[in-house]
S.K.: 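I have a structure here, written as structure tokens, and I will follow up with some questions on it.
For the single chain, residues carry numbers from 1 onward in sequence order.
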Amino acid sequence: MTSPDYLTDPATVRILGADGRIAPSPAAERYLPIIEALPDAELERFYRDMSTIRAFDQQATLLQRQGQLALWPPSLGQEAAQVGSARASRPQDHVFPSYREHVVTRIRGVDSLDIIKLMRGLTHGGWDPTDPRNGNTHIYTLVLGSQTLHATGFGMGLNFDGKTGTGDAERDEAVIVYYGDGASSEGDVHEAMVFAASYKSPTVFFLQNNQWAISVPVTTQASAPFSERAAGYGIPSVRIDGNDVLASYAATRVALDEARSTPGPRAIEAVTYRRGAHTTSDDPTKYRTSSEEEAWAERDPIARMRAYLAGRGADEAFFADVDAEGADVAADLRARITELPEPTTASMFAHVYSDPHPLMDEQSRWLSDYEASFEEGTA
């Protein structure tokens, strides 16, 4: 099991210490100019993002316990890895999440209620990735690891279309794909890396190592850091402190810029911790200890960033405003979830194909005829 002591590894990129003070590791030196150039407003936005999504996440967990959602995958503890990487992406980049990147989708423009619709069973996808309002964010993938193949293929298409390698950072495009330590054991991930390396796909593989693949510890899956796997495919990689939002931002900004300009893949292992259950159908007390959880709670990413901002002069009014926004986000979720309409029968045949398809028309007619065969006119 990876413990918090991993931070003593000089090869791990860390900028903020657990106490919220700037304490860069040797591997972080190259990234310091990026952080030093950030204005206070951007640093405060990192904190606001992390705090508000935690309020949303905790409210969603409660709603699932109250029977309002079929399932919920908490993101508690992983906010820094997600916020830093999402804020490092550029508007033209493409994002392929797994199913826990709630704040990533929010930052890119997706209405968080669309995630709720998915977990409530009201939609098959959640949102339209082609809608400009959703910031090139592709839909959640519940099949472990398959999104890495999608992201690699999409990146290959960017190369074919001449959308990479021009040297214009404001125009060139890249891809970032999120997956976990459990998914890293899937063959799909390794196949994606083979193709990404061979075809120079401008894809950043962002692995959130949260220590547990449901109930399987990371020590069962890997005898060495996950970041070293990418090297076997010739993919430059870096290991970062995933509870340090500044490290996540800087490392991802560099990786994406390199991926789109070279072009070619990059890999990041963000070492973090899933403090909640894998999903609300899971009971983590069955496989991990309270002492382990307490050790990681001491490295809470939000508390770390709050201490850093307070040391820079952020006042209590700012933190109170963020807390109020989080409460508003939670209240908005509670109010809107009860107003969601039930899906129509026709919705199950929509978006199966990108264009109208006779097979879907045939199946829709069959269902209508079948339901009409009942005395009440419905099955």
Side-chain angles (χ1 to χ4, degrees), residues 41 44-80 82-83 86-87 95 97-142 178 274-282 300-303 305-306 316-348 350-351:
E44 291 176 353
R45 185 165 67 167
F46 292 164
Y47 179 82
R48 188 179 295 273
D49 287 337
M50 291 192 292
S51 295
T52 53
I53 204 62
R54 181 169 291 187
F56 169 85
D57 180 61
Q58 291 177 327
Q59 184 60 220
T61 300
L62 293 175
L63 287 168
Q64 192 282 330
R65 298 308 190 198
Q66 296 165 9
Q68 295 294 332
L69 297 175
L71 187 75
W72 184 252
S75 61
L76 178 66
Q78 297 181 220
E79 296 91 351
Q82 295 187 13
V83 168
R87 286 296 179 191
V95 178
S98 56
Y99 50 78
R100 204 185 301 275
E101 285 69 44
H102 312 318
V103 72
V104 174
T105 63
R106 182 181 177 89
I107 288 172
R108 297 294 293 185
V110 174
D111 185 342
S112 296
L113 195 66
D114 287 341
I115 306 175
I116 297 299
K117 293 176 184 176
L118 181 65
M119 300 300 170
R120 192 173 166 87
L122 303 181
T123 173
H124 297 294
W127 58 88
D128 181 358
T130 65
D131 188 332
R133 292 176 299 180
N134 294 325
N136 299 325
T137 307
H138 296 258
I139 60 176
Y140 272 6
T141 307
L142 302 182
Y178 294 88
R274 168 172 57 80
R275 289 176 56 191
H278 180 262
T279 69
T280 46
S281 64
D282 169 47
D300 180 76
I302 296 178
M305 192 60 178
R306 180 182 178 122
E316 286 303 316
F318 164 74
F319 295 115
D321 181 65
V322 172
D323 291 343
E325 181 176 343
D328 287 344
V329 167
D332 178 68
L333 172 57
R334 287 196 306 272
R336 291 203 290 163
I337 193 172
T338 58
E339 299 172 354
L340 291 173
E342 294 296 314
T344 63
T345 301
S347 67
M348 75 174 76
H351 310 302

S.K.: Just wondering, more than 12 heavy atoms not from Arg336 lying within 6.0 Å of its CZ?
M.R.: yes

S.K.: Salt bridge between Asp321 and Arg48, side-chain N to carboxylate O under 4.0 Å?
M.R.: yes

S.K.: Taking all non-hydrogen atoms of both residues, which atom of Ile107 and which atom of Ala86 are closest, and how far apart?
M.R.: CD1-CB, 3.8 Å

S.K.: So do the side chains of Val103 and Glu79 get within less than 4.5 Å of each other, counting heavy atoms only?
M.R.: no

S.K.: Roughly how far apart are Leu69 CG and Met119 CE, rounded to 0.5 Å?
M.R.: 8.5 Å

S.K.: Nearest 0.5 Å, what's the OH-OG1 distance between Tyr178 and Thr141?
M.R.: 13.5 Å

S.K.: What distance separates Thr279 OG1 from Trp72 CH2, expressed to the nearest 0.5 Å?
M.R.: 11.5 Å

S.K.: Would you call Asp49-Arg106 a salt bridge at under 4.0 Å N-O?
M.R.: no

S.K.: Taking side-chain contact (heavy atoms from CB on, under 4.5 Å) as the criterion, tell me which of Thr123, Thr105, Ile139 meets it with Ile115.
M.R.: Thr105

S.K.: If every non-hydrogen atom of Pro74 is compared with every non-hydrogen atom of Ala277, which pair is closest and at what distance?
M.R.: CD-O, 3.4 Å

S.K.: Find the distance between CE (Met305) and OH (Tyr47) and round it off to the nearest 0.5 Å.
M.R.: 10.0 Å

S.K.: Measure from NZ or CZ of Arg87 to the centre of the six-membered ring of Phe46, then state whether that distance is under 6.0 Å and the direction lies within 45° of the axis.
M.R.: no

S.K.: Evaluate side chain to side chain contact (heavy atoms under 4.5 Å, CB included) for Val95 paired with Asn136, printing each intermediate quantity in order.
M.R.: CA-CA 6 Å; Val95 178; Asn136 299 325; over 6 Å; no

S.K.: Find the distance between CG (Leu71) and CZ (Arg120) and round it off to the nearest 0.5 Å.
M.R.: 14.0 Å

S.K.: Given the rule in the side chain to side chain contact (heavy atoms under 4.5 Å, CB included) test, do Leu340 and Ile116 qualify, once you have shown the distances and angles that lead to the verdict?
M.R.: CA-CA 10 Å; Leu340 291 173; Ile116 297 299; 4.3 Å; yes

S.K.: Under the side chain to side chain donor-acceptor pair (under 3.5 Å) rule, collect the residues that match up with Gln64, sequence neighbours excluded.
M.R.: Thr280

S.K.: Check the side chains of Gln78 and Arg274 for a donor-acceptor pair under 3.5 angstrom, ignoring hydrogens and angles.
M.R.: no

S.K.: Below 4.5 Å, heavy atoms only, C-beta onward: do Asp300 and Arg54 meet side chain to side chain?
M.R.: yes

S.K.: Quick one: closest heavy-atom pair of Thr130 and Asp128, and the distance?
M.R.: OG1-OD1, 2.6 Å

S.K.: Please name all residues satisfying side-chain contact (heavy atoms from CB on, under 4.5 Å) with Ser75, sequence neighbours left out, ordered by chain then number.
M.R.: Asp57, Gln82, Arg100, His102

S.K.: Can you tell me how far NE2 of His124 sits from CE of Met348, rounded to the nearest 0.5 angstrom?
M.R.: 6.5 Å

S.K.: Below 4.5 Å, heavy atoms only, C-beta onward: do Pro97 and Val104 meet side chain to side chain?
M.R.: no

S.K.: State whether the side chain of Arg275 and the backbone N or O of Gly77 hold a donor-acceptor pair below 3.5 Å, judged by distance alone.
M.R.: no

S.K.: Which atom names give the shortest non-hydrogen contact between Ala330 and Ala55, and what distance separates them?
M.R.: CB-O, 4.1 Å

S.K.: Please report the shortest heavy-atom distance between Asp114 and Lys117, naming the atom on each side.
M.R.: OD1-NZ, 3.3 Å

S.K.: Please give me the minimum heavy-atom distance between Val329 and Phe56, naming the atom from each residue.
M.R.: CG1-CB, 3.8 Å

